[in-house]
K.L.:
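The structure under discussion is supplied below as structure tokens; questions concerning it will follow.
For ligands, and for the atoms within them, numbers begin at 1 and follow the listed sequence. Side chains are part of it too, since the values below use all heavy atoms of this structure and drop only hydrogens, waters and symmetry mates.
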Amino acid sequence: MNAALDIGEVDRFRESVLRWLGLDFDDSKRSFLLEVLGRRVHANGRDAGAYLAALEGPEGPRDELRTLAQELTVTETSFFRNADQIRALNEVALPDRMAARADTRQLSLLSAGCASGEEAYTLAACTRDMPGIRDWSVAIRAVDINTAMLRKAAAARYSEWSLRSTTPALIRSLFHLEGRDHVLDESVRRMVKFEERNLTVEDEGFWSPGRFDIIFCRNVIMYFTPEIARSVLARIARSLAPGGYLFLGHAESLRGMSTAFHLRHTHDTFYYQRRDGADAEQDSVPPPLPAAAIPAPIDPDESWVDTIRNASQRIRALTDASKPGRKRAAVPATPAADVRTALDLLGREHYAEAQKILDALPPERARDPEVLLLSAVLQTHGGKLIAAEAVCEELLRLDEMNAGAHYLMALCRESAGDFARAADHDQIAAYLDPSFAMPRLHLGLLARRAGDREGAARELRQALLLLQREDSARLLVFGGGFGRDALMTLCRAELTLCGEAA
Ligand SMILES: C[S@@+](CC[C@H](N)C(=O)[O-])C[C@H]1O[C@@H](n2cnc3c(N)ncnc32)[C@H](O)[C@@H]1O
């Protein structure tokens with residue numbers, strides 16, 4: 001049935017899927033799209049040209065788009081998924097929002113991309129069981145584009161698989177068995193209102209300002225293009241009350257996506273809190289993550305001069321990505337030559353000279369994130385860790401999702417003997433940028449010194465993997481004067497000390 005379809009048609013199909021559903025399929029998914037397209041063309045009884053033309057029309061064919069949503073979305077979910085986040089919900093987000101809403105005694109929660117309802121019902125169960133909430137009015141909305149999943153959610157009957165992250169005590173308190181189905185208790189079921197909704201489509205009535213206290217949008221934006229994810233997150237930011245909470249999937253972050261939130265790190269997990277009144281003016285949709293912010297493949301033949309030139313461009317990109325609402329227009333860019341010269345000197349271990357170049361920059365330049373970052377690196381190399389920490393703090397005030405600044409903070413805290421905060425900053429850096437090797441290596445070293453050989457080995461193995469592909473610009477800046485090979489050798493030696501054959 002696919003014989004007549006060509007690559008051009010699959011690409012047109014992919015464009016329509018992106019336009020209507022926001023879902024982004026890269027080239028590796030072409031054969032999957034080809035299969036779905038073939039099936040849909042056949043089911044519609046038309047040729048591919050007519051089918052694609054209908055999808056490309058000004059109005060999406062509603063029923064067909066519903067079917068495509070069912071065919072193309074990933075709907076994996078479970079009750080009480082990611083236990084750490086659920087603890088943060090119960091112990092931080094819900095009590096905090098109840099305190100904030102004590103006057104109206106109304107709470108509003110949303111599961112955005114709720115699939116078959118497990119997440120929304122988890123929110124309901126947690127909220128229902130909050131101390132002191134009995135006479136409150138609690139509204140829990142749950143939306144998804146996949147109508148088959150919404151029907152399943154409304155039925156509220158689940159297999160054991162949906163309960164794989166739920167404790168036996170909770171299963172007993174929330175469900176009763178009918179045959180092999182676990183049927184959800186009516187008191188929880190009636191707390192949630194489900195509705196078909198496409199997150200990529202604007203609806204000012206639904207996404208009204210400050211409406212929600214807590215939004216879970218986990219494992220959804222990862223399927224969108226960065227542009228679409230940014231627009232969905234802007235809608236979410238608008239509809240969250242100041243101080244309200246956003247939970248994303250554990251592999252998703254707001255770095256380069258939104259500047260409307262503070263990052264929170266408790267209960268071994270990450271989540272976000274909407275900035276409130278005083279700093280709400282920092283809200284903005286950040287510019288797209290520059291291509292240069294994505295680690296470059298290693299070029300073993302790259303000359304030192306090329307490394308420096310590429311590094312200065314890439315460092316600018318790495319620091320530019322997510323600063324909150326800075327208005328750059330009035331301030332001309334830092335002369336690239338200065339940063340390049342400072343980097344060159346850094347690479348040659350002439351730290352004091354490099355710092356002199358940065359010190360000589362006009363005062364308005366000195367607060368550029370790239371200059372602050374380099375300055376903090378140089379201070380760290382020069383052993384001036386108190387000064388480095390002050391620079392990092394300034395940089396984090398401008399851009400609290402700057403992974404490099406968190407890593408440097410980790411080094412500073414370690415030198416102050418504050419190992420817990422050091423590990424905390426490393427974890428934040430690794431979460432914000434999962435391809436960043438140095439915080440993993442540092443976490444490994446901290447863990448081994450603390451006698452946690454298993455944890456150390458886990459981090460060091462990960463560091464070793466990441467180092468193979470680590471950006472050469474980032475190694476130059478954060479490698480502490482060591483090259484890739486030296487750092488990998490260090491990882492292997494540390495792994496041996498942990499009792500592992502590296
Ligand atoms: C992997 S599930 C996540 C379920 C739940 N949030 C969790 O983490 O357990 C992703 C869900 O997002 C939904 N989704 C994808 N694109 C969407 C869109 N444009 N609008 C609304 N929902 C969408 C899918 O239908 C799917 O049910």
K.L.:
Quick one: does any side-chain atom of H406 pair with a main-chain N or O of E400 as donor and acceptor, under 3.5 Å?
P.N.:
yes

K.L.:
Centroid-to-centroid, Y121 to F194, below 6.0 Å?
P.N.:
yes

K.L.:
For ligand 1, would you mind listing the residues that have at least one heavy atom less than 4.0 Å away, ordered by chain and number?
P.N.:
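These residues qualify: L21, L23, T73, V74, T75, E76, T77, R81, G113, A115, E119, D144, I145, N146, R197, N198, L199, T200, R218, N219, V220, F224.
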
K.L.:
List for me each residue that meets ring pair (Phe, Tyr, Trp, His ring centres under 6.0 Å) alongside F175, sequence neighbours excluded, and say none if there are none.
P.N.:
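Expected list: F79.
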
K.L.:
Please say whether more than 12 non-hydrogen atoms of neighbouring residues, nucleotides or ligands are located less than 6.0 Å from CD in E195.
P.N.:
yes

K.L.:
Take atom CD of E454 as the centre, draw a 6.0 Å sphere, and report whether it contains more than 12 heavy atoms from other residues, nucleotides or ligands.
P.N.:
no

K.L.:
In this structure, are over 12 heavy atoms from other groups packed under 6.0 Å from H267 atom NE2?
P.N.:
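Result for NE2/H267: enclosed.
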
